[in-house]
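Positions are given from 1, in the same order as the sequence printed here.
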Amino acid sequence: MKYLYYVYQLLVGLPVLVISTIITAFEVAIGCAIGNGHFWGYYPGRWWAKVIIRSLLLPVAVEGRENLEKGQSYVFVANHQGAFDIFLIYGYLGRNFKWMMKRQLRSIPFVGFACERSHQIFVDKRGVSKIKKTYDDARAILNQGYSVTVFPEGARTFTGHMAQFKKGAFALADELQLPVVPLTINGSFDVLPRQRGFNFVSWHPLRLTIHQPIYPVGQGPENVNATLRQAYDSVMSGLVPEYQGYVENPDQ
């Protein structure tokens, strides 16, 4: 059955991935040029993510959508198990948001172009002015009533376990006094672990757990640290036992 699934990926999954990515990139670019950038920057990507997951026959379960309040801006923070985290959150979170992503992703063919056109937030740490622009872009999105999604580990895991969280997303939430929503991703590491080069996808269920929002209590370093610890514990609590516990990520 495993090898039959590999053949299916070559004949169906891979063509769907390539064609849908190209179509979505142009749709986003054209839509953002002539219309509502927040609409075109989210909904085509949501469709793209669902098409890819469904084309690979991966089952998805989502828990906790009832924890989110309509019209509220959030800073979403998630563990980063693998490449399929993007498809799971984009396709199934159910909120209009912008990604905070590494600037290097701008160079991915078609995807980087669409992200730039739809005003996703590229995190650039090459100097004070570029860091300030990153925060200014995120602040502008949140002040318009939208949300942002961040992987505070900063990189995909090598083991399926969580590494440490960086403070940037929590400092931003503290500054704007916005709630942080922890997200736990299960299954993405089993579907496609971090590696070099091409590899086949393994069939495995995906699960997204949306935890209770963490509202600010005060403002300043104490609130930032307390929110970070609470968010980390919430995300960790949702992981399957196999991936519980801290493991150092060498490229953090």
Q: Take Asn96 and Tyr43, measure what side-chain contact (heavy atoms from CB on, under 4.5 Å) needs, and give me the verdict at the end.
A: CA-CA 8 Å; Asn96 195 332; Tyr43 286 99; 4.2 Å; yes

(Q) Could you walk me through whether Leu239 and Met236 satisfy the side-chain contact (heavy atoms from CB on, under 4.5 Å) test, starting with their C-alpha distance in whole Å, then the side-chain angles of each, then the deciding distance to 0.1 Å, before giving a yes or no? (A) CA-CA 5 Å; Leu239 286 172; Met236 181 72 76; 3.9 Å; yes

Q | ring pair (Phe, Tyr, Trp, His ring centres under 6.0 Å) evaluation trace for Tyr90 with Phe97 | A | CA-CA 9 Å; Tyr90 222 161; Phe97 66 89; 5.6 Å; yes

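Within the 4.5 Å cutoff, side-chain heavy atoms of Ile185 are placed close to those of Leu208. Counting only heavy atoms from C-beta outward, the side chains of Phe76 and Pro213 never approach each other to under 4.5 Å. Considering only heavy atoms from C-beta on, Tyr146 stays 4.5 Å or farther from Tyr42 through its side chain. In this structure the side chain of Tyr232 never reaches within 4.5 angstrom of the side chain of Phe170, judged on heavy atoms.
Around NZ of Lys50, the count of heavy atoms belonging to other residues, nucleotides or ligands within 6.0 Å exceeds 12. Heavy atoms of other residues, nucleotides or ligands lying less than 6.0 angstrom from CD of Glu222 number 12 at most.
There is no path of hydrophobic side-chain contacts, each under 4.5 Å, that joins Ile19 to Ile52. Clustering ILVMFWY residues whenever any of their side-chain heavy atoms sit less than 4.5 angstrom apart, transitively, puts Val18 in the very cluster that holds Trp47. Residues Val60 and Val240 fall into different hydrophobic clusters, defined by Ile, Leu, Val, Met, Phe, Trp and Tyr side chains chained together at heavy-atom separations under 4.5 Å. Following chains of ILVMFWY side-chain contacts shorter than 4.5 Å, one cannot reach Phe189 starting from Tyr92, and the two form parts of different hydrophobic clusters. Val191 and Leu4 sit in two unconnected hydrophobic clusters of ILVMFWY residues. Membership requires side-chain heavy atoms under 4.5 Å apart, directly or through other members.
Each side-chain hydrogen bond (donor to acceptor under 3.5 Å, both in side chains) pair with one or both residues in residues 14-23, not counting sequence neighbours, appears once here: Thr21-Trp48. Pairs of residues two or more places apart, or lying in two chains, that qualify as side-chain hydrogen bond (donor to acceptor under 3.5 Å, both in side chains) and include a residue from residues 179-191 are Asp85-Ser188, Thr184-His211, Asp190-Tyr243.
In this structure, CH2 in Trp99 is found 12.0 Å from OG in Ser147, a value given to the nearest 0.5 Å. Taking CZ of Phe87 as the reference point, atom CG of Leu192 lies at 9.0 Å (rounded to 0.5 Å). To the nearest 0.5 Å, atoms CG (Leu56) and NE2 (His204) are separated by 15.0 Å. Interatomic distance, CD1 of Ile86 versus NE2 of His80, reported as 5.5 Å (0.5 Å rounding). Here Phe151 contributes atom CZ and Thr157 contributes atom OG1; the two are 12.5 Å apart, rounded to the nearest 0.5 Å. To the nearest 0.5 Å, atom CD1 of residue Ile89 and atom CZ of residue Arg46 are 13.5 Å apart.
Judged by distance alone, with hydrogens and angles left aside, the side-chain atoms of Tyr74 form a donor-acceptor pair with the main-chain N or O of Glu69 at under 3.5 Å. Of the possible donor and acceptor atoms, none in the side chain of Asn79 sits under 3.5 Å from a partner among the backbone N and O of Met162. Judged by distance alone, the side chain of Gln219 and the main-chain N or O of Asp174 form a donor-acceptor pair under 3.5 Å. Of the possible donor and acceptor atoms, none in the side chain of Arg156 sits under 3.5 Å from a partner among the backbone N and O of Arg194. Between the Gln9 side chain and the Leu14 main chain, no donor and acceptor come within less than 3.5 Å of each other.
Each of Tyr5, Tyr6, Tyr8 was scored for a ring-ring contact (aromatic ring centres under 6.0 Å, His included) with Phe200, with one residue passing: Tyr6.
Contact record, Glu153 with His161: OE2-O, 4.2 Å, taken as the closest heavy-atom pair. Pairing each heavy atom of Leu206 with each of Gly187, the nearest pair is CD2-C, 3.6 Å. The two residues Cys32 and Gly41 make their nearest non-hydrogen contact at SG-N, 4.1 Å. Minimum heavy-atom separation, Ala169 to Val77: CB-CG1, 4.1 Å. The nearest pair of heavy atoms linking Phe84 to Leu58 is CE2-CD1, 3.7 Å. When every heavy atom of Ala173 is checked against every heavy atom of Val180, the shortest pair comes out as CB-CG2, 3.5 Å.
Here Gln177 pairs with nothing under the side-chain hydrogen bond (donor to acceptor under 3.5 Å, both in side chains) rule; sequence neighbours left out.
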